[in-house]
Amino acid sequence: MIGLLGAERIRTGLLMLAGLFFFIFLFGPVYWMVVTSLMTETEMLAAPPHFVPREPTLRNYLTFLGQGDPDYLKIAYNRAPAVFDIAPALKNSLVIAITVALLNIIIATPAAYAFARLNVRASLLVLMGYLAIRMIPPIMIVVPLFLIMRNLDLIDTLLSLVMVYCFFTVPFSIWILQSYFKAMPAELEDSALIDGCSRWQSVRYVLLPLARPGLTCVAILSFMSCWSEFLFAVVFSKTPASKTLTVVAASFADTAAIQFDYVMTAGVLTALPPFFLALFFQRYIVGGLAAGAVKG
Amino acid sequence: MTRRRAWSAPNEPQPFLFFVLNSPAILLLAALVLYPIVYSFWLSLHAYNLRQPNRVRFIGLDNYATVLSSDQFWSAAGNTAIFCIASISLTVTLGTLLALLLNEPFPGRGILRAVMLLPWAIPPVVNGLIWQWLLDGQHGLINALLVGGGLLAEPQAWLSKTSTAMPALILAQVWNHVPFVAVVMLAALQTVPGELYDAARLEGANLLQRFRYVTLPWLSHALLLVLVTQTMVALRTFDIIYVLTGGGPGSATTVIAWLTYVTTFNLTDFGRGNAYAYIIALITMSLSLLYIRLLWKRGEIGR
């Protein structure tokens with residue numbers, strides 16, 4: 001009995017040790033990014049490194065917003081002019097990601113409804129088509145799309161990125177939503193129809209309210225994938241008029257002497273929205289991801 | 001009368017309504033995907049370099065022949081294979097281990113579950129920036145820890161050495177994608193019926209045997225799907241290469257996706273760039289077929 005208890009204790013200890021390893025591996029790099037963003041340039045280069053900043057400061061964040069000591073702002077401009085592209089880029093990224101998330105709901109919901117409730121023979125073929133589109137490597141269509149956008153004079157506009165990001169997100173959204181709708185009992189809508197609702201009313205008052213978690217998941221996942229996208233953003237955007245946060249953040253890495261305090265601050269800003277979405281909507285996202293990956 | 005028919009019971013086949021409801025998506029995707037794919041193939045059959053606008057002409061499969069007979073391509077293909085195989089096997093192994101761990105009760109599991117999704121939420125560009133800072137040759141934390149711990153005599157420039165640039169890239173990729181695999185595998189693990197373990201225990205199976213004969217077969221399908229999706233992700237990896245190594249040093253981290261980008265946008269050779277793009281697409285396409293076959297077999301699509 002005592003031996004058994006000991007074995008149980010060793011087992012728990014080993015599990016905790018493995019847990020600690022994963023905790024450091026997964027959380028450590030994020031922690032270091034956040035901590036660096038709160039340091040001055042001098043403290044960032046301290047040897048041995050300060051794991052907890054001695055004098056944490058929000059100076060880097062304020063600099064991005066053009067706030068703070070004017071002398072320091074001048075120094076910041078000389079160190080890395082791109083710091084002042086951050087604020088407009090933040091706005092661009094938000095506009096793009098929110099627009100695409102809404103467009104996804106508008107475009108994917110009717111399509112998903114059609115798959116789940118209309119019982120059409122061709123639906124399998126169309127669904128396979130969407131699946132196939134989701135698998136096309138972006139690098140394959142970035143070149144022709146660049147030429148097309150150039151001919152339409154849409155290079156360096158938010159519109160071009162909004163359009164392209166629908167390609168990334170809509171097929172996936174349809175896929176998730178249709179399996180979501182299929183899992184919802186059709187009897188509820190049937191009884192609404194029997195009670196005299198029109199088809200539109202049964203969708204509006206019965207199906208859509210029940211499907212809210214699925215719609216939320218689709219909106220969040222499409223927001224996150226536009227927010228993080230880089231290839232199309234870097235190819236299509238030339239000036240701060242359409243540069244997104246990922247493009248500006250990456251541009252810091254191009255300069256000869258890398259300003260890691262600014263880089264990590266830009267990194268935190270870029271990672272913050274997806275991070276909070278993941279935190280608050282974990283249940284929806286995990287459900288969608290698991291369904292999306294296990295089912296397609 | 002006709003109106004009533006169109007809006008009748010939900011389960012009656014209604015092809016017209018079906019295509020009306022799908023038309024926004026179909027039109028959008030046709031414009032953004034199908035047309036560019038055809039255009040891209042057309043371009044790949046041309047000599048088309050922006051630097052020589054007067055020499056644009058149809059050359060058939062010459063771009064493909066040039067590409068497939070160049071050392072540059074085969075070196076990139078080798079790098080792509082190394083990157084994919086190493087990053088996928090590590091991601092899937094670590095992700096599965098993490099899922100198995102999170103499926104066991106132990107103190108601290110809640111914290112681990114809470115931070116688990118963090119790296120997944122981090123955009124790939126930021127992932128690249130974080131690792132660039134961690135691996136920095138002068139002030140990077142990894143050097144500080146290794147030198148401070150006495151494991152290294154002096155700091156190493158991990159990203160600018162041929163021998164370590166690729167492993168560094170793989171490390172960053174693995175870190176970013178372990179949570180996704182863990183989420184999927186955890187979802188699959190939670191569907192294993194507990195009775196199977198009870199039965200195995202009664203038969204006297206130990207921990208390893210229970211894993212080998214109960215858990216693993218139950219997970220095999222999720223594992224295969226994760227392998228296929230991760231392969232597609234690895235094949236298209238571009239962001240972190242842009243930020244971390246820029247394909248270098250030399251061509252040590254030049255994969256096919258990177259070569260496509262550089263050929264097209266730095267060398268402005270659209271013809272050859274599109275030929276590269278088609279080669280990646282062919283590889284991905286055969287993987288997709290495999291993937292759809294797997295889904296089909298499982299009955300996820302069909303009906």
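To find a chain, count down the sequence lines: A is the first, B the second, and so on, and within it residues start at 1. Please read all numbers here as calculations on a predicted model, not as lab measurements.
Close placement of the B:Y261 and B:W258 rings is indicated, their centers lying within 6.0 Å of each other.
In this structure, the portion of B:T284 lying under 4.5 Å from any heavy atom of chain A is its side chain and not its backbone. Using a 4.5 Å cut-off between heavy atoms, B:Y48 contacts chain A through its side chain alone, with no backbone atom that close. For B:L98, the parts lying near chain A are the backbone and the side chain together; criterion is any non-hydrogen pair under 4.5 Å. Heavy-atom distances place no part of B:I283 under 4.5 Å from chain A, backbone and side chain included. Only the side chain of A:V235 comes within contact range of chain B, with heavy atoms under 4.5 Å apart. Using a 4.5 Å cut-off between heavy atoms, B:N274 contacts chain A through its side chain alone, with no backbone atom that close.
The choice from A:T12, A:V142, A:T36 that makes the most heavy-atom pairs within less than 4.5 Å of chain B is A:T36. Counting heavy-atom pairs closer than 4.5 Å to chain B, the top-ranked of the candidates A:V170, A:L20, A:L145, A:I194 is A:L145. By number of non-hydrogen pairs under 4.5 angstrom with chain B, the leading residue of A:L231, A:L245, A:V263, A:V247 is A:L231. Interface remark: of the candidates A:F115, A:F27, A:F21, A:F115 forms the most heavy-atom pairs closer than 4.5 Å to chain B.
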Could you list the donor-acceptor pairs under 3.5 angstrom formed by side chains in residues 177-188 of chain B, with sequence neighbours left out?
none

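Contacts between residues 132-141 of chain B and chain A, counted as heavy-atom pairs separated by less than 4.5 Å, involve B:Q132, B:W133, B:L134, B:D136, B:H139, B:L141.
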